Trainee: 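This is the structure, below, for whatever I ask next.
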Amino acid sequence: MIERLENPAAAAEWSAAQRAAGRTLGFVPTMGALHAGHLSLVRRALEENDAACVSVFVNPLQFDEAQDFDHYPRDFARDVELLDGVGCSMVFTGTLAQFFPDELDADGRLLPQHYVEPGAAAAGLEGACRSGHFEGVATIVDRLFDVVQPTHAYFGQKDYQQALVVTDLARRRGGPKVRVCPIAREPHGLARSSRNERLPADVRERAAVIHRALVAADQLWGTGERDADALASRLSAVLATEPGFELEYAELRDPRAWGPEAPHGSLERAVALVAGRFGPVRLIDNLVLGDAS
Ligand code: PAF
């Protein structure tokens, strides 16, 4: 039976007891509304550790739009049930005030000096589109790592840039070891995301255009094309076939030479990244080109 804890202090105590018993601990930070992608991270954590735990906290620090925060799906009871079903050992939640006692101002906002610097990987793409997003992510993930002090932490590749940011954060802190796990997809290709719940069924199918665009760029890569602009044009051309998709970016990056600007010229390695909206729902996805072959 899963241990359900309602505050970070209790989670810290539980995690310390695991460590004291010599057990390795795999940790999956989430914002809840769990889906198959999250559960695959928990299964991987259970394979590689003696116990697995999950946090569920819709972190207000990382939302740049109040409506996105307000409409973010929440169902803690269902999350607990799903986690119990896959053998997760502990799940915890908390409030902003519990995570940051003595660090909030009179209006309940985190004082600026307590934000954690997200590092160079935060520049460009998501960092450019969502002001303050990665500061919010780095700040809560740093605190969650303090609470759990896990052996390994598991993140999905869907949030490619976030994975870079938290890997760098963990390196600067001296741990935990970060594992980045493959993207889980719906049958028609849409990357699984808690935000998909807000899409009507027909839009979910149309949103598969994002995956089709990534696959088209991958196919072009497979023919030997290495020019960054040619690959980006293929992405944009496929995305443009879906009039309901409001594009924010469709760009390439060299995963080992990450920078805020889109590269030009020939690439040795490439990840294609897309972000945009169907109505109010913002979606992101990516594909490392040539990975499937
Ligand atoms: O990927 C997410 O769900 C969130 O950004 C995270 C890592 C749980 C931090 O709030």
Side-chain angles (χ1 to χ4, degrees), residues 8 11 26-42 44-45 52-65 68-76 78-79 82-83 88 90-96 98-100 110 114-119 121-122 125-127 129-148 150 152-173 175-184 191-198 273 275 281-286:
F27 174 46
V28 183
T30 81
M31 297 205 298
L34 303 182
H35 51 69
H38 295 114
L39 299 181
S40 71
L41 300 183
V42 177
R44 172 99 181 259
C53 72
V54 169
S55 60
V56 172
F57 178 58
V58 185
N59 169 32
L61 306 177
Q62 70 188 74
F63 285 81
D64 57 334
E65 289 174 12
D68 190 23
F69 176 70
D70 293 343
H71 291 107
Y72 201 86
R74 293 163 170 88
D75 190 345
F76 190 50
R78 180 176 167 276
D79 291 342
L82 287 171
L83 292 169
C88 181
M90 186 272 274
V91 55
F92 72 100
T93 186
T95 62
L96 192 67
Q98 287 170 336
F99 278 110
F100 299 97
L110 187 69
H114 298 299
Y115 276 89
V116 171
E117 164 56 41
L125 299 178
E126 291 300 286
C129 292
R130 304 184 66 190
S131 164
H133 170 66
F134 284 125
E135 283 76 5
V137 169
T139 303
I140 191 65
V141 171
D142 187 57
R143 187 53 51 98
L144 290 165
F145 285 170
D146 284 346
V147 169
V148 179
H152 298 107
Y154 296 81
F155 294 85
Q157 190 198 300
K158 184 181 77 78
D159 296 287
Y160 191 93
Q161 197 176 2
Q162 169 174 281
L164 296 178
V165 167
V166 297
T167 301
D168 181 50
L169 172 73
R171 185 191 51 74
R172 282 184 277 142
R173 290 171 47 101
K177 294 189 186 86
V178 170
R179 300 274 195 257
V180 181
C181 305
I183 301 176
R192 291 198 187 267
S193 161
S194 305
R195 289 188 175 85
N196 294 357
E197 279 187 26
R198 296 179 56 206
L273 305 110
V281 182
R282 188 169 188 277
L283 300 172
I284 61 172
D285 200 352
N286 65 81

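In each ligand, atom 1 is the first atom listed, and ligand 1 is the first ligand listed. The model shown is predicted, which means the values in this text are computed figures rather than measured ones. Starting from 1, each residue takes its place in the sequence as its number.
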Trainee: What atoms in ligand 1 come closer than 4.0 Å to a heavy atom of Ile140?
Mentor: 9 (C), 10 (O)
Trainee: Phe63 vs Phe69 aromatic rings, parallel, tilted or perpendicular, using cut-offs 30° and 60°?
Mentor: perpendicular
Trainee: Donor-acceptor pair, Asn196 side chain versus Ala191 backbone, under 3.5 Å?
Mentor: yes
Trainee: Using a 4.0 Å cut-off to any heavy atom of Gln62, which atoms of ligand 1 qualify?
Mentor: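 Every atom of ligand 1 under 4.0 Å from some heavy atom of Gln62: 4 (C), 5 (O), 9 (C), 10 (O).
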Trainee: Is a side-chain donor or acceptor of Glu197 paired with a backbone partner of Ser194 at a separation under 3.5 angstrom?
Mentor: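 Not a single qualifying donor-acceptor pair exists.
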Trainee: Atom 5 (O) of ligand 1: which protein heavy atom is closest, and how many Å away?
Mentor: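 The closest one turns out to be Gln162 OE1, 2.7 Å.
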Trainee: For Phe100 and Ile140: C-alpha separation, side-chain torsions, deciding distance, then whether side chain to side chain contact (heavy atoms under 4.5 Å, CB included) applies.
Mentor: CA-CA 9 Å; Phe100 299 97; Ile140 191 65; 4.0 Å; yes
Trainee: Using heavy atoms and a threshold below 4.0 Å, how should the contact between Thr30 and ligand 1 be classified: side chain, backbone, both, or neither?
Mentor: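 The answer is the backbone of Thr30.
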